[in-house]
Amino acid sequence: MSKTSELAFAPEMDQPIRYIERTRSYYLGLGYENPYVWAHYIDVPFSPLKKPLNQSVLGLITTAVPFDADKGPQGQGASYNAAAKFYQPYQKPINPDIDLRIAHVGIDRKNANMEDSNCWLPLEVAKQAAQSGRVKTLSSNLYGLPTNRSQRHTLEIDAPLILEMLRIDKVDVAVLIPNCPICHQSQSLLARYLEINGISTVIMGAAKDIVEYCGVPRFLFSDFPLGNAAAKPNDPSSRALNFELALSLLENVPAPRTTLQSPLIWSSNPSWKFDYSNLEKLSPGEIARLSAEAEQARITARELRVNSVGA
């Protein structure tokens, strides 16, 4: 019997996925020769709560997009849908008909659930927190942050627009929920910007390396597939636990760069962590097909971006 077996160690693969490394290798393998430079800071802004949560207005900020049937498949099993992307921050009134999807971003399509929106938007538990008095109230709107590869655009254009929306709605604290790798960076940059401007934030995310590399005040890490950072599918108890952990971070963290890992486990078999953007699992033919698809998606997204924001 090996030493590992004697000590009952977990499998070596059972650790947070290194998305920066994984995506860099993936796109190099597809033929993109200039690796993406991820945002990285040493100093992290920090805005403590100005008043207790039961006296605070809470806002939810998502990278999900309002569903539009004219833009193609966006539900369970949908492939990456660049036509559904958005490039301008939005606010949408919270109502029973709101329908936000995640097919426009690079989530883990093999393992993430794309039907249960509670997995990527903790709206129901946020409503419950307001009804129970855990927070004073939920803001009347949801806020959408574009998944923007341009860090400058996120900081200079998108973040100020989101801040203005939050201030109009008198939001005191914000929960930010990203989905894909770039979403995690965009939300991290936004969290930093909001903290500088006096709004306390917490990120509920699944890409630990990207968020911590950027540097944020408060981070609830769930070791779940990209796209399902808020909860396990069809699991109300996981929704409640994770959201309460996020609120507790807002209340109790004394300094920035604080990460709390959710105790929830996605699966007893960690082999799902091998699937996302892993060229080692693909044949040369599959790599060629994905390269062509990625280029077409890039062209489509570029056209939408130019039509939306002009650059």
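FYI, side chains are in, hydrogens and waters are out, and symmetry mates aren't considered; it's all heavy atoms of this structure.
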Engineer: Just wondering, more than 12 heavy atoms not from Arg18 lying within 6.0 Å of its CZ?
Structural biologist: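 No, CZ of Arg18 has 12 or fewer neighbouring heavy atoms, counting only those of other groups under 6.0 Å.
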Engineer: Are any non-hydrogen side-chain atoms of Ile210 and Ile20 less than 4.5 angstrom apart?
Structural biologist: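 Counting from C-beta outward, Ile210 and Ile20 do come under 4.5 Å.
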Engineer: Taking all atoms of both residues into account, what is the closest heavy-atom pair of Gln76 and Glu115, and its distance?
Structural biologist: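 Reported closest heavy-atom pair: CB-CG, 3.3 Å.
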Engineer: Under a plain distance cut-off of 3.5 Å, with no hydrogens placed, do Asn179 and Thr63 share a side-chain donor-acceptor pair?
Structural biologist: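 Per modelled atom types, Thr63 and Asn179 side chains form a pair under 3.5 Å.
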Engineer: Give a yes-or-no answer on whether the side chains of Ser237 and Asp235 include a donor-acceptor pair shorter than 3.5 Å.
Structural biologist: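 Yes, Asp235 and Ser237 have a side-chain donor paired with an acceptor closer than 3.5 Å.
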Engineer: Tell me whether Leu226 is reachable from Trp272 by hopping between hydrophobic residues (I, L, V, M, F, W, Y) whose side-chain heavy atoms are closer than 4.5 Å.
Structural biologist: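 Same cluster.
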Engineer: Would you say the side chain of Ile107 lies within less than 4.5 Å of the side chain of Trp120, judging by non-hydrogen atoms?
Structural biologist: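 In short, these two side chains do not touch, never coming nearer than 4.5 Å.
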Engineer: Are Leu260 and Leu264 connected in the hydrophobic side-chain network, where two residues link if heavy atoms are under 4.5 Å apart?
Structural biologist: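 Linked, Leu260 and Leu264 end up in one cluster.
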Engineer: Look at the rings of Phe219 and Phe221 and say which category their plane angle falls in: under 30° parallel, 30 to 60° tilted, over 60° perpendicular.
Structural biologist: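 The rings of Phe219 and Phe221 sit tilted, inter-plane angle from 30° to 60°.
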Engineer: Kindly indicate whether a cation-pi arrangement holds for Arg192 with Tyr41, taking the cut-offs as under 6.0 Å to the six-membered ring centre and within 45° of the axis.
Structural biologist: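 Arg192 over Tyr41 ring: yes.
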Engineer: Tell me whether Arg24 is salt-bridged to Glu21, with the criterion being a basic N under 4.0 Å from an acidic carboxylate O.
Structural biologist: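 No salt bridge links Arg24 with Glu21.
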Engineer: Below 4.5 Å, heavy atoms only, C-beta onward: do Ser188 and Ile203 meet side chain to side chain?
Structural biologist: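 A side-chain contact exists here, since the closest heavy-atom pair is under 4.5 Å.
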Engineer: Considering non-hydrogen atoms only, spot the tightest contact between Asn113 and Cys119 and give its length.
Structural biologist: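 That closest heavy-atom pairing would be CB-SG, 4.3 Å.
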Engineer: Going by heavy atoms in the side chains, are Tyr80 and Lys85 under 4.5 Å from each other?
Structural biologist: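 They are in side-chain contact.
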Engineer: If you group Ile, Leu, Val, Met, Phe, Trp and Tyr by side-chain heavy-atom gaps below 4.5 Å, do Met204 and Tyr193 land in one group?
Structural biologist: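 The answer is no; the residues belong to distinct hydrophobic clusters.
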Engineer: Main chain of Pro89, side chain of Asp158: is a donor-acceptor contact present, judged purely on distance under 3.5 Å?
Structural biologist: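 Here the side-chain-to-backbone pair does not exist.
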Engineer: With distance as the sole criterion, is a donor-acceptor pair present between the side chains of Asn111 and Asp108 under 3.5 Å?
Structural biologist: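 Result is yes, a qualifying pair exists.
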Engineer: Is the Tyr213 ring parallel, tilted or perpendicular to the His40 ring (thresholds 30°, 60°)?
Structural biologist: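 Correct class here is parallel.
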Engineer: Are Arg239 and Asp116 ion-paired here, with the side-chain N under 4.0 Å from a carboxylate O?
Structural biologist: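 Asp116 and Arg239: salt-bridged.
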Engineer: Can Leu166 be reached from Val175 by stepping across I, L, V, M, F, W or Y side chains whose heavy atoms are under 4.5 Å apart?
Structural biologist: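 No, no single cluster joins them.
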Engineer: Report yes or no: do Ser271 and Asn269 form a side-chain donor-acceptor pair below 3.5 Å?
Structural biologist: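 Side-chain D/A pair, Ser271 to Asn269: present.
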Engineer: With the side chain counted from C-beta on, respond yes when Tyr276 and Lys110 share a heavy-atom pair under 4.5 Å apart, and no when they do not.
Structural biologist: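 Counting from C-beta outward, Tyr276 and Lys110 never come under 4.5 Å.
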Engineer: If you compare all heavy atoms of Asp172 against all heavy atoms of Ser56, which two are closest, and at what distance to 0.1 Å?
Structural biologist: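 Looking at all heavy atoms of both residues, the shortest contact is OD2-CA, 3.3 Å.
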